[in-house]
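Each remark here refers to the structure printed beneath this line.
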Amino acid sequence: MTSHFIRHIIEQDLQSGKHAGRVQTRFPPEPNGFLHIGHAKSICLNFGTARNYNGRCNLRFDDTNPEKESQEFIDSIKADIQWLGFSWSGDIRYASSYFDALHEFALQLIRAGKAYVCSLTPEQAREYRGTLTAPGRESPYRTRSVEENLDLFTRMRAGEFPDGAHSLRAKIDMASPNINMRDPVIYRIRHVEHHQTGSTWPIYPMYDYAHCISDAIECITHSLCTLEFEDHRPLYDWILQTLDKASLHAAGDRLTTPEAYVLPRQIEFARLNINYTVMSKRKLKELVTQGCVKGWDDPRMPTLSGLRRRGYTPASIRNFCERVGISRSESVVDVGMLEHCIREDLDRNAPRAMCVLRPLKVTLSNYPAQQSETLQLPCHPKETAMGMRELPFERELYIDASDFEEVPPPQYKRLSPGAEVRLRGAYVIRCDEVRKDASGQVVELICSYDAATLGVNPQGRKVAGVIHWVPAREALDVEVRIYDRLFNKENPDDKSIGDYKQCLNPDSLQVLSGCKAEPSLRSAAPEASFQFEREGYFCVDRHDSSAERLVFNRTVTLRDSWAKISS
RNA sequence: AGGGGUGUCGCCAAGUUGGUAAGGCACAAGGUUUUGAUCCUUGCAUGCGUUGGUUCGAGUCCAGCCACCCCUGCCA
């Protein structure tokens, strides 16, 4: 566990007894899109912190803006969190289930003269708000009496007014240098169906108002959010401090006695950025709706469902979040870090197999056509507990076209005319003849095998190269999808690019059909990961693969030092 | 221009009350290897945005600059 400032704060609080040893966090997504790896950072932080300090972490849907939200997103978010390996404490929470309490607290603010119904149009309100450098002006409705405010708010709630006709505003300070404090709107009129509350409410609370109270209701001790909410913290504190503490306690979970009840503290941390991708929900949604990718779970997407389909494991993502750390400096993490994490996981846990992506036929001239033998290969070079698999060996095989060069470059260790190479787990072969078609394309190699080299190295000569292969007759025809980064610029958001879609990588998906996989893969289950030796890690596509037609997604390549040497 | 933040190795990121720069990724060089994979070893900031100051001593304290990020939704 790496140390970070939030842990320091929590440990201080634990030591001072601020919350009587209690740690209560929450993960509060708005159900308006799919979760991405940036959310994973927050999930790991919130759930991980609770786990670490023997505390609790709630899942709360921040559903105060029904227009953009849906049950579909709620379902996907729940599934993604569980897939990542976390479980929330108790029942799922919804800000919408606090609508009654929120409404009650609004009445309290009005009675205390701390909130008023404003009838400025949105355009007027913007004008009254002032600018970054100039103070705002007070709304002419700011001085309405408590009675009038109560009456108007009651009628807002009753649905008497059309959208936008009035709003409820907190009465704070129109001259504040912090624009969030210039009498922020806390309730707006919206005659729309809510996915949880139906048509019960024609008014909906704003985030700033609902979030802090929801935290207080759930007795959250540390409310962790991203940096852009920093300026909202004074408002978060103002609302909670302006409300009657005893009624806040009474309206909530009452996890403490009224005396021991402590208001939650908002703490901000930097959001996750990764190069060669975008992380904003708006842009991810756009990629989906404009057909730049095939869906929220397209394996090129940084969504959790996309990473899952790509073959990333929950453990690898958790590990990545741990390594990236938590700080307040905005940073851009190299994708290489993510790739390292999945390679580390899969190297240890994925069984090995052979699959030839670009088949080139090899005929062993000295291996009788009727002959065949069954070789035993370990499923993992180190984890012997993973057992063995069987692989037929016969006269006709396939190797990868890239493992043969007619004129080998310097230091080349693969097959070339007259050269020897080891077939992984089998014999050493020598290339005797190259057969080409009319266009000069190499279509077949005639080789001879050394029968004395199964499991032993040949005497008196060194065979450095090892290549993968599959038996031609028993090989499975499979489809392999090769993914590359979605964007070809480190920072697609860079202003100099204009629109981020300008730098979409046209080669981010390459579909290879007619790949030849070893027969042991026949029964591979959806989502199962394998290392295709010398190629990379691949998983069975959880949607498109079937027993009749296996489809593999390349999760990530193996590290390739030869690629560096040869280029 | 007002407010709020951030600046430690190419990328992340630790740095207790000031005491003489963790770790990971990447990269480089060796070694092992029937995956040019893995694994192992070694290397990789006299420097902590910058300029001054305080101090025996500063990434850590003070002051001034500079750069970048966020804030003018009845979005979250």
Side-chain angles (χ1 to χ4, degrees), chain A residues 2-4 8 28-30 32 62-65 67-69 118 120-122 125-127 129-136 163-169 176-182 184-190 203-204 206-208 210-211 225-234 268 270 275 281 322-341 343-344 347-348 352 354 377 381-382 411-414 421-428 453-457 463-468 531-536 557-566:
Chain A
T2 33
S3 86
H4 57 69
H8 291 325
E30 184 189 12
N32 66 347
D62 218 334
D63 54 350
T64 56
N65 186 14
E67 284 150 303
K68 296 182 176 169
E69 303 161 4
C118 180
L120 252 24
T121 65
R126 189 184 316 130
E127 192 188 315
R129 189 160 33 239
T131 69
L132 294 177
T133 51
D163 290 5
H166 306 283
S167 66
L168 184 68
R169 295 228 255 162
S176 172
N178 181 346
I179 292 174
N180 296 119
M181 300 297 271
R182 319 239 262 231
V185 171
I186 58 178
Y187 263 97
R188 78 285 219 181
I189 301 172
R190 283 284 177 284
I203 57 172
Y204 292 98
M206 298 287 290
Y207 163 84
D208 283 308
H211 201 91
C225 64
T226 44
L227 246 28
E228 67 270 25
F229 293 104
E230 220 170 344
D231 293 340
H232 296 238
R233 194 185 339 130
E268 312 84 17
N275 56 13
K281 236 185 243 180
E322 184 63 33
R323 283 180 197 240
V324 158
I326 299 293
S327 79
R328 287 175 65 85
S329 69
E330 346 208 350
S331 52
V332 182
V333 177
D334 196 306
V335 260
M337 188 92 91
L338 220 206
E339 294 174 346
H340 167 80
C341 290
R343 284 194 187 104
E344 186 178 67
D347 174 57
R348 188 163 38 240
R352 311 286 124 123
M354 291 195 283
L377 274 72
K382 289 177 182 163
Q411 299 176 71
Y412 194 70
K413 299 201 304 192
R414 307 174 188 183
V421 75
R422 153 120 19 222
L423 294 179
R424 173 86 195 179
Y427 301 90
V428 169
T453 56
L454 184 62
V456 287
N457 284 323
V463 177
V466 179
I467 64 173
H468 55 106
Q531 184 198 94
F532 287 170
E533 291 194 87
R534 302 206 316 126
E535 287 290 354
T557 62
L558 256 29
R559 285 186 66 215
D560 188 359
S561 55
W562 168 244
K564 286 168 198 160
I565 298 168
S566 59

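Chain identifiers are assigned alphabetically (A, B, ...) following the order of the sequence lines, protein sequences preceding nucleic acid strands; residue numbering begins at 1 within each chain. Note that the coordinates shown come from a computational prediction; the quantities given were computed from them, not determined experimentally.
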Quiz item: Using the purine O4'-C1'-N9-C4 or pyrimidine O4'-C1'-N1-C2 torsion, is rG36(B) syn (within 90° of 0) or anti?
Solution: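 Here rG36(B) takes the anti form, which means its glycosidic angle is more than 90° from 0.
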Exercise. Applying side-chain hydrogen bond (donor to acceptor under 3.5 Å, both in side chains), name anything that partners Glu228(A), two or more places apart in sequence or on another chain.
Key: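 Here the qualifying residues are Thr226(A), Arg271(A).
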Practice problem: Taking side-chain hydrogen bond (donor to acceptor under 3.5 Å, both in side chains) as the test, write out the residues that go with Asp208(A), two or more places apart. | Solution: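 Counting only residues at least two positions away or on another chain, Asp208(A) forms a side-chain hydrogen bond (donor to acceptor under 3.5 Å, both in side chains) with His232(A).
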Exercise. Compare the aromatic ring of Trp562(A) with the six-membered base ring of rG36(B) and state whether they stack according to the 5.5 Å and 30° rule.
Key: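 Check passed, Trp562(A) stacks on base of rG36(B).
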Return the value, rounded to whole Å, for the distance between atom [atom1] of [X] and atom [atom2] of [N].
{"X": "Glu230(A)", "N": "rC69(B)", "atom1": "CD", "atom2": "C1'", "value": "10 Å"}
{"X": "Gln531(A)", "N": "rU38(B)", "atom1": "CD", "atom2": "P", "value": "9 Å"}
{"X": "Arg352(A)", "N": "rC39(B)", "atom1": "CZ", "atom2": "C1'", "value": "12 Å"}
{"X": "Glu322(A)", "N": "rA14(B)", "atom1": "CD", "atom2": "C1'", "value": "13 Å"}
{"X": "Arg328(A)", "N": "rU6(B)", "atom1": "CZ", "atom2": "P", "value": "5 Å"}
{"X": "Arg422(A)", "N": "rU33(B)", "atom1": "CZ", "atom2": "P", "value": "14 Å"}
{"X": "Leu558(A)", "N": "rC39(B)", "atom1": "CG", "atom2": "C1'", "value": "14 Å"}
{"X": "His211(A)", "N": "rG73(B)", "atom1": "NE2", "atom2": "P", "value": "21 Å"}

Work out how far the [atom1] atom of [N] is from that of [M], and round it to whole angstrom.
{"N": "rC69(B)", "M": "rA63(B)", "atom1": "C1'", "result": "24 Å"}
{"N": "rC40(B)", "M": "rG53(B)", "atom1": "C1'", "result": "49 Å"}
{"N": "rC75(B)", "M": "rA13(B)", "atom1": "C1'", "result": "33 Å"}
{"N": "rG47(B)", "M": "rG10(B)", "atom1": "P", "result": "13 Å"}
{"N": "rU20(B)", "M": "rU16(B)", "atom1": "C1'", "result": "16 Å"}
{"N": "rC39(B)", "M": "rG18(B)", "atom1": "C1'", "result": "42 Å"}
{"N": "rU51(B)", "M": "rA58(B)", "atom1": "C1'", "result": "15 Å"}
{"N": "rG43(B)", "M": "rU35(B)", "atom1": "P", "result": "28 Å"}

Practice problem: Could you summarise the pairing of RNA chain B as dot-bracket text, marking Watson-Crick and G-U pairs under 3.5 Å with ( ) or [ ] inside the strand and | across strands? | Solution: .((((((..(((......[...))).(((((.......))))).....(((((..]....))))))))))).....
Quiz item: When we call it a touch if two heavy atoms are under 4.0 Å apart, what does Lys382(A) touch: a base, just sugar-phosphate, or nothing?
Solution: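 Contact class for Lys382(A): base.
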Nucleotide nearest [X] (side chain, heavy atoms from C-beta), chosen from [options]:
{"X": "Thr133(A)", "options": "rC74(B), rU38(B), rG2(B)", "result": "rG2(B)"}
{"X": "His4(A)", "options": "rG36(B), rC71(B), rA14(B)", "result": "rA14(B)"}
{"X": "Val466(A)", "options": "rU35(B), rA76(B), rG2(B)", "result": "rU35(B)"}
{"X": "Ser561(A)", "options": "rG36(B), rG4(B), rC75(B)", "result": "rG36(B)"}
{"X": "Glu330(A)", "options": "rG5(B), rA76(B), rU35(B)", "result": "rG5(B)"}
{"X": "Arg129(A)", "options": "rG5(B), rA76(B), rG73(B)", "result": "rG73(B)"}
{"X": "Lys413(A)", "options": "rG24(B), rC71(B), rG36(B)", "result": "rG36(B)"}
{"X": "Ser331(A)", "options": "rA76(B), rU35(B), rC12(B)", "result": "rC12(B)"}
{"X": "Pro177(A)", "options": "rG3(B), rC75(B), rG5(B)", "result": "rG3(B)"}
{"X": "Met337(A)", "options": "rC74(B), rG3(B), rC12(B)", "result": "rC12(B)"}

Quiz item: Which of these passes side-chain contact (heavy atoms from CB on, under 4.5 Å) with Leu120(A): Arg126(A), His166(A), Arg169(A)?
Solution: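 That would be Arg169(A); it is the only one of Arg126(A), His166(A), Arg169(A) passing the side-chain contact (heavy atoms from CB on, under 4.5 Å) with Leu120(A).
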Quiz item: Of Tyr187(A) and Val456(A), whose closest RNA chain B nucleotide lies nearer the 5' terminus?
Solution: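 The residue closer to the strand's 5' end, by nearest nucleotide, is Val456(A).
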Quiz prompt | First encountered from the 5' end of RNA chain B, between Phe532(A) and Leu227(A) | solution =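 Between the two, 5'-proximity favours Leu227(A).
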[X] side-chain N/O to [N] phosphate OP1/OP2 under 4.0 Å:
{"X": "Ser329(A)", "N": "rA13(B)", "result": "yes"}
{"X": "His8(A)", "N": "rG15(B)", "result": "yes"}
{"X": "Arg188(A)", "N": "rA76(B)", "result": "yes"}
{"X": "Arg424(A)", "N": "rA37(B)", "result": "no"}
{"X": "His340(A)", "N": "rC25(B)", "result": "yes"}
{"X": "Arg414(A)", "N": "rU35(B)", "result": "no"}
{"X": "Arg323(A)", "N": "rG23(B)", "result": "no"}
{"X": "Arg126(A)", "N": "rG73(B)", "result": "yes"}
{"X": "Ser3(A)", "N": "rA14(B)", "result": "no"}

Counting only N and O atoms by type, is there a donor-acceptor contact under 3.5 Å from the side chain of [X] to the main-chain atoms of [Y]?
{"X": "Asp334(A)", "Y": "Met337(A)", "answer": "no"}
{"X": "Asn457(A)", "Y": "Val463(A)", "answer": "no"}
{"X": "Asn178(A)", "Y": "Asp231(A)", "answer": "yes"}
{"X": "Thr131(A)", "Y": "Ala134(A)", "answer": "yes"}
{"X": "Arg328(A)", "Y": "Glu268(A)", "answer": "yes"}
{"X": "Arg182(A)", "Y": "Ser176(A)", "answer": "yes"}
{"X": "Thr557(A)", "Y": "Gly536(A)", "answer": "no"}

Self-check item: Counterpart residues, side chain to side chain contact (heavy atoms under 4.5 Å, CB included), relative to Glu67(A) (two or more places apart)
Solution: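 Glu67(A): side chain to side chain contact (heavy atoms under 4.5 Å, CB included) contacts with Asn65(A), Arg190(A), Val192(A).
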Quiz item: Listed by chain and number, what are the side chain to side chain contact (heavy atoms under 4.5 Å, CB included) partners of Glu339(A), not counting sequence neighbours?
Solution: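 Glu339(A) satisfies side chain to side chain contact (heavy atoms under 4.5 Å, CB included) with Tyr312(A), Arg343(A), Val556(A) once adjacent residues are dropped.
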Quiz item: What closest approach, in Å, do Leu558(A) and Gln531(A) show between heavy atoms, and which atom pair accounts for it?
Solution: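 Reported closest heavy-atom pair: CD1-NE2, 3.8 Å.
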Distances for protein N/O vs nucleotides 18-22 of chain B N/O pairs under 3.5 angstrom?
none

Practice problem: Determine whether any donor atom in the side chain of Asp231(A) lies under 3.5 Å from an acceptor atom in the base of rG3(B), or the reverse, and answer yes or no. | Solution: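 Answer yes: a donor N or O sits under 3.5 Å from an acceptor.
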